[in-house]
Amino acid sequence: MATFELYRRSTIGMCLTETLDQMVSGGILSPELAIQVLIQFDKSMTEALESEVKSKVSIKGHLHTYRFCDNVWTFILQNAQFKSEEGQETVESVKIVACDSKLLTQ
């Protein structure tokens, strides 16, 4: 299964990367093992989001920027309003990165 490395830029992904870097620098982990951990992280995040997340959210906002490159859409919204069954939240700015899930099964 192919995966994207998108989730490495999330808060949890960046913390994992920073921790792995510290462990490699301290001689606790080999660089090869750290890379394998990141690859497993990519797979696990993709699988978890696909199978565990059941909520739907609608988003409205001012489209500030959009881009399509290498089959990846990037949207930057300002004054974005997220609505779900649980409630509503407004944020000043949000970046949404969307990839074609069909690419993951190739």
Side-chain angles (χ1 to χ4, degrees):
M1 170 205 274
T3 60
F4 291 110
E5 296 177 1
L6 293 173
Y7 308 114
R8 293 184 192 184
R9 295 193 58 196
S10 66
T11 302
I12 192 170
M14 291 179 72
C15 288
L16 175 62
T17 303
E18 184 178 320
T19 301
L20 290 171
D21 286 345
Q22 290 173 358
M23 293 176 83
V24 169
S25 296
I28 298 168
L29 280 181
S30 69
E32 294 81 13
L33 185 56
I35 290 169
Q36 289 301 315
V37 169
L38 287 173
I39 290 169
Q40 183 58 51
F41 172 75
D42 297 334
K43 290 178 184 178
S44 296
M45 285 297 293
T46 300
E47 290 171 9
L49 290 173
E50 187 176 296
S51 64
E52 301 297 324
V53 177
K54 306 293 184 217
S55 302
K56 293 189 179 192
V57 176
S58 65
I59 306 168
K60 286 185 180 180
H62 173 73
L63 181 59
H64 181 267
T65 307
Y66 68 94
R67 180 176 320 123
F68 182 71
C69 182
D70 296 332
N71 290 317
V72 177
W73 280 102
T74 303
F75 302 95
I76 298 177
L77 301 173
Q78 293 181 328
N79 300 316
Q81 188 177 67
F82 292 80
K83 289 184 184 178
S84 69
E85 296 171 357
E86 289 83 34
Q88 173 179 316
E89 187 73 33
T90 302
V91 295
E92 187 177 318
S93 181
V94 64
K95 179 180 181 179
I96 300 171
V97 179
C99 304
D100 188 348
S101 63
K102 293 175 191 157
L103 297 174
L104 294 174
T105 59
Q106 294 179 348

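Since we're looking at a predicted model, the values are computed, not measured. Heads up: numbering here begins at 1 and tracks the sequence.
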Query - For Cys99, the option from Thr46, Asn71, Val72 that meets side-chain contact (heavy atoms from CB on, under 4.5 Å) - result: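 That would be Val72; it is the only one of Thr46, Asn71, Val72 passing the side-chain contact (heavy atoms from CB on, under 4.5 Å) with Cys99.
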
Report task. Dump the intermediate steps for side-chain contact (heavy atoms from CB on, under 4.5 Å) on Glu92 and Gln78, then the final yes or no. Result -> CA-CA 5 Å; Glu92 187 177 318; Gln78 293 181 328; over 6 Å; no

To the nearest 0.5 Å, tell me how far [X] [atom1] sits from [Y] [atom2].
| X | Y | atom1 | atom2 | value |
| --- | --- | --- | --- | --- |
| Lys83 | Glu89 | NZ | CD | 13.0 Å |
| Arg9 | Thr17 | CZ | OG1 | 11.0 Å |
| Ile76 | Arg67 | CD1 | CZ | 6.0 Å |
| Ile59 | Gln81 | CD1 | CD | 11.0 Å |

Query raised in the report: Should we count CD of Glu85 as having more than 12 external heavy atoms under 6.0 Å?
Result: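 It does not: Glu85 CD has 12 such atoms or fewer within range.
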
Requested in this report: Would you check, one step at a time, whether the test side-chain contact (heavy atoms from CB on, under 4.5 Å) holds for Leu49 with Tyr7?
Outcome: CA-CA 11 Å; Leu49 290 173; Tyr7 308 114; 3.4 Å; yes

Report task. Assess whether side-chain contact (heavy atoms from CB on, under 4.5 Å) is satisfied between Val91 and Phe82, documenting all intermediate values. Result -> CA-CA 8 Å; Val91 295; Phe82 292 80; 3.7 Å; yes

Report task. Kindly indicate, with the supporting measurements, whether the criterion side-chain contact (heavy atoms from CB on, under 4.5 Å) is fulfilled by Phe41 and Ile12. Result -> CA-CA 10 Å; Phe41 172 75; Ile12 192 170; 4.0 Å; yes

Counting C-beta onward and ignoring hydrogens, is there a side-chain heavy-atom pair between [X] and [Y] closer than 4.5 Å?
| X | Y | answer |
| --- | --- | --- |
| Phe75 | Leu63 | yes |
| Met45 | Glu50 | no |
| Leu29 | Leu20 | yes |

Following the transitive rule for hydrophobic clusters with a side-chain heavy-atom cut-off under 4.5 Å over Ile, Leu, Val, Met, Phe, Trp and Tyr, establish whether [X] and [Y] coincide in one cluster.
| X | Y | answer |
| --- | --- | --- |
| Met23 | Leu33 | yes |
| Ile35 | Met14 | no |
| Leu77 | Trp73 | yes |
| Ile96 | Val53 | no |

Query raised in the report: According to the interplanar angle, ranging from 0 to 90°, do the rings of His64 and His62 count as parallel (below 30°), tilted (30 to 60°) or perpendicular (above 60°)?
Result: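 Ring orientation, 0 to 90° scale: perpendicular.
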
Requested in this report: Would you name the heavy atoms of Ile39 and Arg8 that are closest together and state the gap between them?
Outcome: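 Closest heavy-atom pair between Ile39 and Arg8: N-NH2, 3.8 Å.
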
Query raised in the report: Can you name the closest pair of heavy atoms from Ser84 and Val57 and give their distance?
Result: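 Answer, listing the atom of Ser84 first, then Val57: CB-CG2, 4.1 Å.
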
